[in-house]
Amino acid sequence: MSTTKSSVARGFPADTRPESLPGLDTVCDGPDSTVAAGRAATELELKRREFDLAVYLGAVRVRTGPDGRPRVDREEIVRLRSRGGFPDALRERVRTVGTVEGARLLGISPVRFTRLARAGCLTPVAFYLNRYRAVVWVYLAQEVEALAARSPELLVGNSPAWMRSRLEAGGDWRPRNWRSRRIERLLALTDDPWVRAAIVAQGLDPVQLAEVVDDPYERAHFGRVRPEALFGRRGSVAGREAMARLMPADEPDEILWRRIGLITELDAAREARPAPRPGDERWAVPDDAPTRSGAPTGLAAPDRAGDGVAVAGGSSEPPTPPGQSGPGELMLPREPVRSDMPPASPVPPASPMPPVPPVPPAPVCPAGPRGLLARLRSATGGGVGRRRARHGGALHAERPARRRRVKSGGRAFAGWGGRPGRGGARRSG
């Protein structure tokens, strides 16, 4: 990606640098002329999220360092700290509100605030996912207050007819307005034609993109140069999935507008330089590139000796006669033939193998259960798993009668089948 373009947001014009400012090093020559993003956020007294939003809105100008990471000039920090009302003015510029707080600023109910946002009266600046992975839109506090000063009639009384018709049709302009703002801000931060075309291509789904850009190598180049994060750190996996779901346009008029914008940016990119292809020099492998020795491959190495086939170690051998080895086979070094060795005796031909007798079929078990438990319960298994006979009783004896209580002589006693128990019947007093 090309170097980030410096831009200044509206309401933050570039001021002249003061002669001196306590607490900051104003020397802009040498390695200390720029600071990292985290250090810049600390010196500007901003949280990291507020600093990222300030860069997104153009309130803080950044540049790409030698290591590819964003850095901020010391002069930019001095300029922002010298402005009146620092740091409250800068914090107010990047302050965001949700639905409840925005409704409190306007003095209306959250339901009416949501209706205004869905109708397109407010443009979200960002979103986040709550615990249920639902998209929650946030808005700039200054833009919410500007709506009350610009259109006070929307805050009281009945809604206009155009708003009612738009809401009754089920329209929601929050994703559309957020997409437009994001694409415009990304385009303002770069001058590279292919990066600009990749940014505009984010507004189309893969089907629409393939219809406009029929070259697969150009679409693949979009994926390489497209900025994944607007600035600094990448979001979570769920956030990136939500971003990919919200970026493509879903209305016919917006899709047409994105297609026209992509055609314009793509023509400018093609005039500047073509998209890289696998056959270009940047994709070709140099001839002197190291290769893995001993790896069986189907491509022959270049002949360095001028004749014969090059082998590992730099030696040269005569070409192999046809029929002995083909491409993709591992070539082994040949063992030299010794003249003092006696000739090898001929190997007798192998005797034919005797025929293998057929395997007899397994015996068929008689009809009945074949389970392990059934076999163990059979007579040959010794009655394993059956109820054991009681002491002095026969095998498979009949279960005795259920125990019951019998009254005799006005007193109750427990016995089997109405007979007295082991202790006998109690005597009546």
Side-chain angles (χ1 to χ4, degrees), residues 1-17 28 33-65 68-97 122-128 137-147 176-193 195-200 202-203 225-235 243 247 261 265:
M1 180 176 179
S2 62
T3 304
T4 305
K5 178 183 177 183
S6 301
S7 61
V8 181
R10 294 175 297 178
F12 285 84
D15 296 340
T16 57
R17 176 183 171 185
C28 297
S33 60
T34 61
V35 296
R39 176 67 181 276
T42 302
E43 294 187 1
L44 294 177
E45 302 183 19
L46 295 175
K47 299 178 181 179
R48 187 56 187 269
R49 180 184 59 84
E50 297 175 342
F51 181 79
D52 294 348
L53 185 58
V55 175
Y56 171 63
L57 298 175
V60 178
R61 295 174 294 187
V62 298
R63 66 172 58 186
T64 304
R69 298 180 179 180
R71 301 186 67 84
V72 183
D73 293 334
R74 285 283 187 179
E75 292 182 352
E76 181 68 11
I77 299 177
V78 171
R79 181 185 71 86
L80 295 173
R81 291 180 63 95
S82 63
R83 294 185 58 86
F86 177 84
D88 296 336
L90 185 57
R91 289 176 180 172
E92 184 65 21
R93 177 70 179 86
V94 297
R95 185 167 70 95
T96 58
V97 295
L122 292 169
T123 301
V125 68
F127 71 90
Y128 67 92
W137 300 102
V138 294
Y139 311 86
L140 289 175
Q142 291 185 350
E143 294 183 356
V144 173
E145 296 174 349
L147 175 65
R176 178 172 182 168
N177 291 343
W178 170 80
R179 281 193 296 267
S180 300
R181 163 174 272 175
R182 176 179 172 81
I183 292 177
E184 290 175 2
R185 291 306 310 160
L186 287 175
L187 291 176
L189 295 177
T190 182
D191 285 334
D192 189 277
V195 176
R196 293 176 62 89
I199 292 172
V200 179
Q202 288 181 325
V225 302
R226 180 174 57 243
E228 296 182 358
L230 182 64
F231 170 76
R233 301 160 297 178
R234 298 179 60 186
M243 180 82 68
M247 277 304 297
E265 297 292 344

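These numbers come from the heavy atoms of this one structure, side chains and all, not from hydrogens, waters or symmetry mates. Just so you know, these numbers come straight off a predicted model, no measurement behind them.
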Would you indicate whether the side-chain heavy atoms of D192 and V225 approach each other to under 4.5 Å?
no
Check the pair V72 / F51 against side-chain contact (heavy atoms from CB on, under 4.5 Å), numbers first and verdict last.
CA-CA 11 Å; V72 183; F51 181 79; 3.8 Å; yes
Is the number of heavy atoms from other residues, nucleotides or ligands under 6.0 Å of Y128 OH greater than 12?
no
Euclidean distance, R196 CZ relative to D191 CG, rounded to 0.5 Å
7.0 Å
Over all atoms of both residues, closest heavy-atom pair of F86 and L44
CZ-O, 3.5 Å
Between L189 and V55, is any pair of side-chain heavy atoms under 4.5 Å apart?
no
Residue list, side chain to side chain contact (heavy atoms under 4.5 Å, CB included) with R69, at least two apart or on another chain
D67
Taking only residues two or more places apart in sequence or in another chain, which ones pass side chain to side chain contact (heavy atoms under 4.5 Å, CB included) with Q142?
E92, R93
Identify the two heavy atoms, one from R48 and one from A37, that lie closest to each other, and give their separation to 0.1 Å.
NH2-CB, 3.8 Å
Between R182 and M247 (side chain of the first, backbone of the second, donor and acceptor by atom type, cut-off under 3.5 Å), is there such a pair?
no
For V125 and Y56: C-alpha separation, side-chain torsions, deciding distance, then whether side-chain contact (heavy atoms from CB on, under 4.5 Å) applies.
CA-CA 10 Å; V125 68; Y56 171 63; 3.9 Å; yes
W178 versus P124, closest heavy-atom pair with distance
CD1-O, 3.9 Å
Using 0.5 Å steps for rounding, measure from the CD1 atom of I199 to the CZ atom of R185.
11.0 Å
Between R71 and G65, is there a donor-acceptor pair closer than 3.5 Å when you use the side chain of the first and the backbone of the second?
no
Heavy atoms only: give me the nearest T96-R49 pair and the separation to one decimal.
OG1-NH1, 3.7 Å
Would you find a donor on one side and an acceptor on the other, under 3.5 Å apart, between the side chain of R95 and the backbone of A141?
no
Measuring from E75:CD to R79:CZ, what's the distance to the nearest 0.5 Å?
10.5 Å
Answer yes when R74 and E43 have at least one side-chain N-carboxylate O distance shorter than 4.0 Å, and no when they do not.
yes
What pair of heavy atoms forms the shortest contact from A59 to E76, and how long is it?
O-OE2, 3.8 Å
Between R63 and D73, is there a salt bridge with N-O shorter than 4.0 Å?
yes
Nearest heavy-atom contact between L90 and L46 is CD2-CD1, 3.6 Å
Spatial distance of atom OH (Y139) from atom CG (L147) [nearest 0.5 Å]:
11.5 Å
For V200, what residues pass the side chain to side chain contact (heavy atoms under 4.5 Å, CB included) criterion, not counting sequence neighbours?
L187, L262, E265
